[in-house]
Amino acid sequence: MNLKKRAVDQQHSLWRIMMEQHLNSFLQNMTLEEKVDQLLQLVGGFFEEAGTEGQITGPMASLGITEQTVHNVGSVLGLAGAQEAIRVQQAHLIKNRLGIPLLIMADIVHGFKTIFPIPLAIGCSWDMELAEESATIAAREAAVSGVHVTFAPMVDLVRDPRWGRVMESTGEDPYLNSQFARAFVRGFQGKDLTKDTERVAACVKHFAAYGAGEGGRDYNTVDVSAWQLREYYLPSYKAALDEGCEMVMTSFNTVEGVAATGNKRLMRDLLRDEWGFNGVLISDWAAIKELIPHGIAEDEREAAKKALLAGVDIEMMTSCYNGHLPELVRSGELDEALVDEAVMRILRLKQRLGLFENPLRGADPEREREVVFCEAHRAVAKELAIKSCVLLKNDSVLPLNRNQHIALIGPFAESGDILGSWSWSGSQEKAIRVVDGFQSKISSSLLTVAVGCSIDDITEEQYAEALHAASQAEIIVLALGERSDMSGEAGSRSNIRLPQAQLELVKRLKTLNKPMVAVLFNGRPLDLHGVIEEADAVLEAWFPGGEGGAAIADLLYGDAEPTGRLTMSFPQSVGQVPVYYNHFNTGRPQLDPNTTERYVSQYLDIPNEPLFPFGYGLSYTDVAYNSVQLSGDILIPGQELTVRVQVTNTGTRPVEETVQLYVRDISGDTVRPMKELKDFCKVLLAPGESQEVEFTLTEPQLRYHHADLSFDSDSGEFAVFTGPNSRDTTEGRFRLVKETGK
């Protein structure tokens with residue numbers, strides 16, 4: 001076997017050498033201008049315009065590029081459909097002097113045509129296998145439609161729900177985000193990107209700390225310490241790269257006072273030199289030119305110079321590189337070797353995708369019709385939607401009875417706007433709406449539907465219709481939330497309550513004294529006051545994707561069990577933001593929420609704790625946790641400590657319980673969080689069944705960044721917690737002993 005493996009390794013090494021020589025031959029035959037054009041990415045519209053004769057107009061004119069530049073360009077974004085991808089690629093190969101194929105890229109964030117729940121919702125599934133499968137399906141549909149690269153996963157750590165792009169992240173915890181980052185990369189890329197033409201290259205984004213924008217405002221300044229950056233914000237990007245992610249996208253924000261896209265310390269020193277990343281680094285949309293308004297470049301020439309020195313390979317939709325890199329090289333201000341290394345990284349990615357041998361790769365119009373939005377894919381989307389919904393409240397009103405008369409009221413009752421942001425290839429018209437889900441469960445005689453209000457306006461006529469519908473019913477189901485464009489990119493909000501019109505609808509219907517169930521559609525954690533007190537049950541559905549209505553109906557009628565658990569805390573008030581579970585204690589902690597003591601870290605008007613904590617979610621049954629049991633009270637490096645807890649289903653329905661393990665380092669070189677998620681386990685429990693759940697702790701799990709940025713653990717006392725969420729836990733203690741006598 002060793003001889004056979006050695007022979008295979010030698011063959012692979014020889015193949016790599018041959019491929020490198022092949023790519024070097026392209027590089028050596030390219031003019032400087034052709035090299036620089038490989039670093040430019042344009043939208044698909046340029047490739048329609050490039051075929052026309054005469055005066056250059058439209059977007060080419062605004063970017064100051066020529067038709068010849070388009071013939072030389074290295075990549076395109078936003079093309080949709082196999083036929084169009086084939087047309088553009090074939091035309092490009094004819095017009096490109098050396099026949100270098102295009103890379104076709106797109107934002108396939110939570111599905112292509114089959115739209116899955118938004119990533120924040122997927123995070124609430126705590127299900128890595130389903131998350132990976134969703135990325136596999138998204139890749140399959142995208143690849144057969146001609147896409148080579150997806151701008152996903154987005155792994156930014158998020159703590160501020162005012163920021164609209166929290167919907168693209170999987171939450172506030174670096175460990176859990178890292179696990180999802182790995183799962184998404186595995187799903188998108190598979191095991192052999194060259195041979196598996198139903199996969200796409202992944203691009204992790206946004207590097208780095210984009211989720212920490214001041215005030216929750218998109219594109220805004222980020223100011224975090226180098227320690228905080230490494231301890232909380234960088235781990236999920238590193239996890240994606242460790243899983244083999246092919247590309248990285250820069251972020252719009254500053255990092256340590258320097259805009260990320262021109263940040264040599266971040267991109268060249270850390271990402272490339274320290275982490276060893278030699279894949280393609282792409283700017284976000286226009287981010288190189290935006291170095292000018294950021295104030296770290298005087299003009300496009302300086303922006304181009306700083307971005308290339310920082311290690312950015314591809315410029316998306318601005319032409320600083322195209323307009324200035326040749327001059328900078330010829331003047332001696334930039335070494336042409338920097339351009340060459342960027343080109344080679346792009347060519348290597350094209351080689352790994354097999355584009356030189358098969359420029360059309362997986363694009364296949366006939367298979368596209370078979371694969372895209374097929375029933376098998378939709379079934380997975382429904383399963384993931386079921387597991388992503390989080391039951392926040394239930395005062396014995398759910399599950400519903402099929403004999404009950406239901407009034408389905410609210411702006412989302414009949415709306416197809418349940419896909420969420422970044423679902424540009426999906427179809428709202430084909431989405432399973434809430435009303436569709438109800439109609440599949442009960443007869444029309446038991447269902448009355450009314451809009452009640454629009455997203456942000458209510459008329460007396462709408463209210464009269466809602467009142468009439470509710471008066472006929474035994475139970476009111478309210479379908480409430482944000483429009484999809486109220487979150488996502490550029491979707492920051494200072495007021496994160498539901499719009500006042502919907503709160504007014506809830507308040508008025510409450511006067512009927514009938515049981516009310518609220519189903520929420522939104523892309524962020526909300527301030528739920530005005531709903532949580534009035535409704536008897538609240539189901540957080542997020543934007544659940546194309547099968548959302550069917551999934552919600554299954555959950556409300558008990559044909560599926562609610563298993564979702566929050567991965568981002570819900571605040572008591574926007575004034576509490578940012579609020580997150582893994583916070584520090586402070587020197588004057590509030591030890592008792594009912595304290596009358598003034599001089600402690602607290603609000604005078606609201607609790608310190610969130611309304612719903614990280615890890616929270618209800619089921620249709622109760623699960624009891626016994627006290628945590630440890631295999632010993634000492635952990636020594638190289639050995640293991642076993643943590644056990646017995647969980648019992650004390651109810652009458654089966655349950656899938658997500659048992660969570662947290663640790664606190666009592667005293668460290670730097671302050672340590674009150675709790676840190678270290679592991680979790682899903683267990684299936686029949687009514688009355690008990691199971692012992694076992695976790696293993698080792699010394700590497702206790703390491704963290706010290707004040708000097710070294711990464712290590714400390715001898716000393718630790719608390720370990722198990723429970724159904726980050727708040728309701730049982731505690732044990734142990735000591736880490738790294739040296740004899742300590």
Side-chain angles (χ1 to χ4, degrees), residues 12 15-31 33-44 46-47 69-79 82 85-106 108 139 142-151 185 188-190 192-204 244-249 277-283 311-316 321 339-363:
H12 286 169
W15 181 86
R16 284 192 295 269
I17 292 171
M18 291 174 60
M19 289 303 100
E20 195 74 3
Q21 291 172 343
H22 176 64
L23 299 181
N24 269 309
S25 69
F26 276 113
L27 187 67
Q28 291 166 9
N29 283 293
M30 294 168 76
T31 66
E33 281 71 19
E34 286 173 331
K35 292 177 187 178
V36 170
D37 290 344
Q38 275 293 307
L39 313 187
L40 176 62
Q41 180 169 98
L42 301 173
V43 294
F46 282 85
F47 295 85
T69 296
V70 180
H71 297 166
N72 294 336
V73 77
S75 60
V76 57
L77 76 155
L79 285 182
I86 291 170
R87 182 195 70 77
V88 168
Q89 187 74 284
Q90 288 177 334
H92 183 78
L93 290 170
I94 292 170
K95 295 171 183 175
N96 184 273
R97 184 177 68 87
L98 295 175
I100 299 174
L102 280 168
L103 275 171
I104 299 175
M105 307 187 190
I108 316 300
V144 78
S145 303
V147 176
H148 307 142
V149 177
T150 177
F151 297 132
V185 171
F188 286 130
Q189 295 191 173
D192 191 333
L193 196 55
T194 303
K195 294 180 181 178
D196 190 348
T197 58
E198 291 196 336
R199 305 286 181 156
V200 296
C203 175
V204 65
C245 188
E246 292 284 354
M247 289 182 59
V248 174
M249 180 183 286
F277 176 68
N278 198 33
V280 174
L281 177 61
I282 185 171
S283 80
V312 179
D313 301 314
I314 296 179
E315 179 178 14
M316 185 192 296
Y321 277 5
V339 176
D340 289 351
E341 71 176 24
V343 174
M344 281 297 289
R345 283 192 282 262
I346 296 166
L347 295 179
R348 288 188 191 110
L349 178 56
K350 293 180 180 184
Q351 181 63 55
R352 280 194 290 278
L353 286 162
L355 294 178
F356 289 102
E357 293 76 23
N358 181 13
L360 303 182
R361 203 167 186 270

Could you measure the distance from the [atom1] atom of [X] to the [atom2] atom of [Y]? Nearest 0.5 Å is fine.
X: I314; Y: Y321; atom1: CD1; atom2: OH; answer: 10.0 Å
X: I346; Y: Q351; atom1: CD1; atom2: CD; answer: 14.5 Å
X: I108; Y: F188; atom1: CD1; atom2: CZ; answer: 8.0 Å
X: I94; Y: H92; atom1: CD1; atom2: NE2; answer: 11.0 Å
X: T197; Y: L355; atom1: OG1; atom2: CG; answer: 11.0 Å

Name all residues meeting the side chain to side chain contact (heavy atoms under 4.5 Å, CB included) criterion together with R352; count only those two or more places apart in sequence or in a different chain, and write none if there are none.
-> T194, E246, R348, L349
Name all residues meeting the side chain to side chain contact (heavy atoms under 4.5 Å, CB included) criterion together with T69; count only those two or more places apart in sequence or in a different chain, and write none if there are none.
-> D37, L40, I65, T66, N322
Name of the residue among I100, V36, N72 meeting side chain to side chain contact (heavy atoms under 4.5 Å, CB included) with M30 = I100
Closest non-hydrogen atom pair, [X] against [Y]:
X: G244; Y: V185; answer: C-CG1, 4.4 Å
X: R361; Y: L193; answer: NH2-O, 2.5 Å
X: M105; Y: I282; answer: SD-CD1, 4.1 Å
X: L360; Y: Q90; answer: CD1-NE2, 3.8 Å
X: F277; Y: C245; answer: CE1-O, 3.9 Å
X: L39; Y: A342; answer: CD2-CB, 3.8 Å

Can you check side chain to side chain contact (heavy atoms under 4.5 Å, CB included) on V343 and F26, steps first, answer last?
-> CA-CA 10 Å; V343 174; F26 276 113; over 6 Å; no
Restricting to side chain to side chain donor-acceptor pair (under 3.5 Å), what partner residues turn up for [X], sequence neighbours left out?
X: Q41; result: S75
X: Q38; result: K350
X: E33; result: R330
X: R199; result: T136, D196

Checking R345 side chain against D313 main chain: does a donor-acceptor pair fall under 3.5 Å?
-> no
Are the side chain of Q89 and the backbone of L102 linked by a donor-acceptor contact shorter than 3.5 Å?
-> yes
Carefully, step by step, assess V73 and F46 under the rule side chain to side chain contact (heavy atoms under 4.5 Å, CB included).
-> CA-CA 10 Å; V73 77; F46 282 85; over 6 Å; no
Step by step, would you call M344 with E20 a side chain to side chain contact (heavy atoms under 4.5 Å, CB included)?
-> CA-CA 9 Å; M344 281 297 289; E20 195 74 3; 3.4 Å; yes
Go through V200 and V149 one step at a time and tell me if the side chain to side chain contact (heavy atoms under 4.5 Å, CB included) criterion holds.
-> CA-CA 5 Å; V200 296; V149 177; 5.9 Å; no
